[in-house]
2 protein chains.
Amino acid sequence: MNAPHFSTKQRILDSAESLFARHGFAGASLRQVTASANVNLAAVNYHFGSKENLINEVFRRRLDSLNEERLSALAAVLKKSKFSIEDVLGAFVRPALALSLADDGGAGFVRVLARAFAEHNERLRKFLHDNYSHVLKQFAMAFAQVLPGLDKQELYWRLDIVSGALTYAMADFGVIKRAAGMSEQRHREMAAEHLIAFAAAGLRAG
Amino acid sequence: MNAPHFSTKQRILDSAESLFARHGFAGASLRQVTASANVNLAAVNYHFGSKENLINEVFRRRLDSLNEERLSALAAVLKKSKFSIEDVLGAFVRPALALSLADDGGAGFVRVLARAFAEHNERLRKFLHDNYSHVLKQFAMAFAQVLPGLDKQELYWRLDIVSGALTYAMADFGVIKRAAGMSEQRHREMAAEHLIAFAAAGLRAG
DNA sequence: ATAAGATTCAAACGATCGTTTCATGCCCTG
DNA sequence: CAGGGCATGAAACGATCGTTTGAATCTTAT
């Protein structure tokens with residue numbers, strides 16, 4: 001499945017990501033993962049300790065850079081003297097959308113993310129909260145700044161819908177075919193505009 | 001777990017629904033289900049044939065009545081001389097929201113629905129398509145009527161986001177506490193208004 | 001009351017799960 | 001070249017999975 005010149009750890013992560021996206025965390029077995037990665041079954045426990053830790057590392061590998069990009073995009077927005085809901089949403093959406101349209105395994109990872117949203121697994125939620133809650137907090141502050149009339153609880157409630165909706169949408173986005181003759185770059189930009197307009201309208205509504 | 005005066009089949013369906021919502025279809029075992037339902041392990045295969053068929057029946061039990069209510073609400077909307085996006089959305093949202101706020105196991109089922117959205121399980125999707133695609137088609141026609149400027153492909157794309165977002169939102173809705181002193185009735189109506197306004201804004205955007 | 005059918009039960013089936021063990025191969029440094 | 005540390009290999013561990021079996025029990029109708 002995977003080219004043999006990548007390291008064992010990387011090939012395991014790639015296969016795990018793809019199989020978790022397709023069959024879920026409980027539904028994909030370590031034997032499927034190691035067979036797809038062309039490595040020995042014991043390699044997972046040797047390199048990662050346990051299946052649970054492998055799941056965490058699948059997230060960490062992509063989320064570290066994804067959230068870095070989101071935060072730096074947000075920082076660029078915040079530096080402007082005036083910024084809109086669309087600006088903040090763009091900082092959130094565009095890095096993830098680039099991932100979901102990447103030709104490496106990024107599309108699979110966004111589907112894994114959507115699964116993590118649907119699952120209410122306690123330990124997975126704790127891992128995500130422990131490692132990445134500061135990102136959501138930063139964005140919540142930015143949204144509060146640009147939606148001054150909204151009380152805090154209502155804002156969190158709407159952000160929850162928006163992030164869930166966007167994650168769902170982006171998870172399915174890799175499947176949607178782009179019109180013939182449209183460049184990948186233009187296709188992504190149109191998708192981002194749609195998603196942002198959609199979410200912005202939702203945030204302003206009411 | 002379940003009162004013994006309900007039938008074995010019903011208790012199995014109730015327990016399965018709750019456990020599928022919490023642990024997923026692959027994550028919840030038939031031993032957990034039957035233990036929670038206080039029935040013998042073999043009862044599942046006796047009454048349902050297989051785990052896969054049990055999953056289907058969990059859906060069928062709720063979706064039959066849910067989609068009936070959705071279609072009759074939609075029929076009432078279509079009878080009016082003029083109707084809005086909000087009217088059509090209301091026919092889609094209110095029956096499901098009532099389910100997610102019901103004091104029987106309905107809240108669990110909406111979480112099961114959200115899981116089915118996240119999973120791309122081939123056989124489950126085929127089952128849902130075979131049994132309930134006519135409902136989505138009816139709503140798509142109504143939306144097309146009320147959004148005349150939108151081309152068909154763009155409409156389907158937005159409906160996909162909207163139904164995903166709404167399902168996700170309603171799945172988490174049972175968790176959200178309502179303000180003290182607010183009646184359950186009023187709470188549901190406020191939630192419906194929020195969701196409808198949110199989705200309508202999204203559908204109109206762009 | 002008794003035969004016939006429907007349901008429940010304990011027990012076991014083979015398959016597969018995550019994990020562990022220990023032997024073997026590899027590369028690198030002394 | 002010898003040896004120590006990391007990596008991989010085949011094989012097996014006990015646990016749990018969905019499913020099946022056949023006897024025990026309950027229900028129903030004649």
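Here is how names work: the chains are called A, B, and so on, in the same order as the sequence lines, proteins then strands, and each is numbered from 1. Every value quoted in this text rests on a predicted model; they were computed, and no experiment measured them.
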*Criterion salt bridge (Lys or Arg N to Asp or Glu O under 4.0 Å) against E17(B), the qualifying member of R111(B), R115(B), R61(B)*: R61(B)

*For G49(A) and for Q32(A), locate the closest nucleotide of DNA chain C by heavy-atom distance; then report the residue assigned to the nucleotide nearer the 5' terminus.*
Q32(A)

*To the nearest Å, how far apart are N38(A) CG and dG9(D) C1'?*
14 Å

*Could you tell me whether R94(A) and E69(A) have a side-chain N and a carboxylate O separated by less than 4.0 Å?*
no

*Do D64(A) and Y132(A) pass the side-chain hydrogen bond (donor to acceptor under 3.5 Å, both in side chains) test, and can you show the C-alpha distance, the side-chain angles, and the key distance before you say yes or no?*
CA-CA 9 Å; D64(A) 281 346; Y132(A) 305 107; 2.9 Å; yes

*Aromatic ring centroids of Y168(B) and F117(B) under 6.0 Å?*
no

*Which comes earlier along DNA chain D counting from the 5' end, the contact point of R31(A) or that of A43(A), where each point is its nearest nucleotide?*
A43(A)

*Charged N to carboxylate O below 4.0 Å: is that the case for D130(A) and R125(A)?*
no

*Rounded to the nearest angstrom, tell me the gap between atom CG in L41(B) and atom C1' in dT19(D).*
8 Å

*Does a nitrogen or oxygen in the side chain of N40(A) sit under 4.0 Å from OP1 or OP2 of dA7(D)?*
no

_Show, in sequence, the C-alpha distance, side-chain angles and deciding distance for H23(B) and E119(A), and conclude whether the side-chain hydrogen bond (donor to acceptor under 3.5 Å, both in side chains) test is met._
CA-CA 7 Å; H23(B) 306 118; E119(A) 307 223 359; over 6 Å; no

*Any ion pair linking E57(A) and K9(A) (charged N to carboxylate O, less than 4.0 Å)?*
no

*Would you jot down, in residue-number order, the residues of residues 51-61 of chain B having a non-hydrogen atom under 4.0 Å from DNA chain D?*
K51(B)

*Is the number of heavy atoms from other residues, nucleotides or ligands under 6.0 Å of H134(A) NE2 greater than 12?*
yes

_pair L54(A)-L13(A): side-chain heavy atoms closer than 4.5 Å_ = yes

_side-chain contact (heavy atoms from CB on, under 4.5 Å) assessment of F59(B) paired with L124(B)_ = CA-CA 10 Å; F59(B) 279 97; L124(B) 186 53; 3.7 Å; yes

*Mind checking which nucleotides bracket the chain B contacts on DNA chain C, 5' to 3', with an atom under 4.0 Å from a heavy atom?*
dA6(C) to dA12(C)

*Non-hydrogen side-chain atoms of V162(A) and L89(A) separated by less than 4.5 Å*: yes

*Give the stems involving DNA chain D, where a stem is 3 or more consecutive Watson-Crick or G-U wobble pairs (i with j, i+1 with j-1, and so on) under 3.5 Å.*
C:1-24 with D:7-30

*asked:* Counting only side-chain nitrogens and oxygens, does H47(A) get under 4.0 Å of the OP1 or OP2 atom of dC6(D)?
replied: no

*In whole Å, what is the span from the OH atom of Y46(B) to the P atom of dA24(D)?*
18 Å

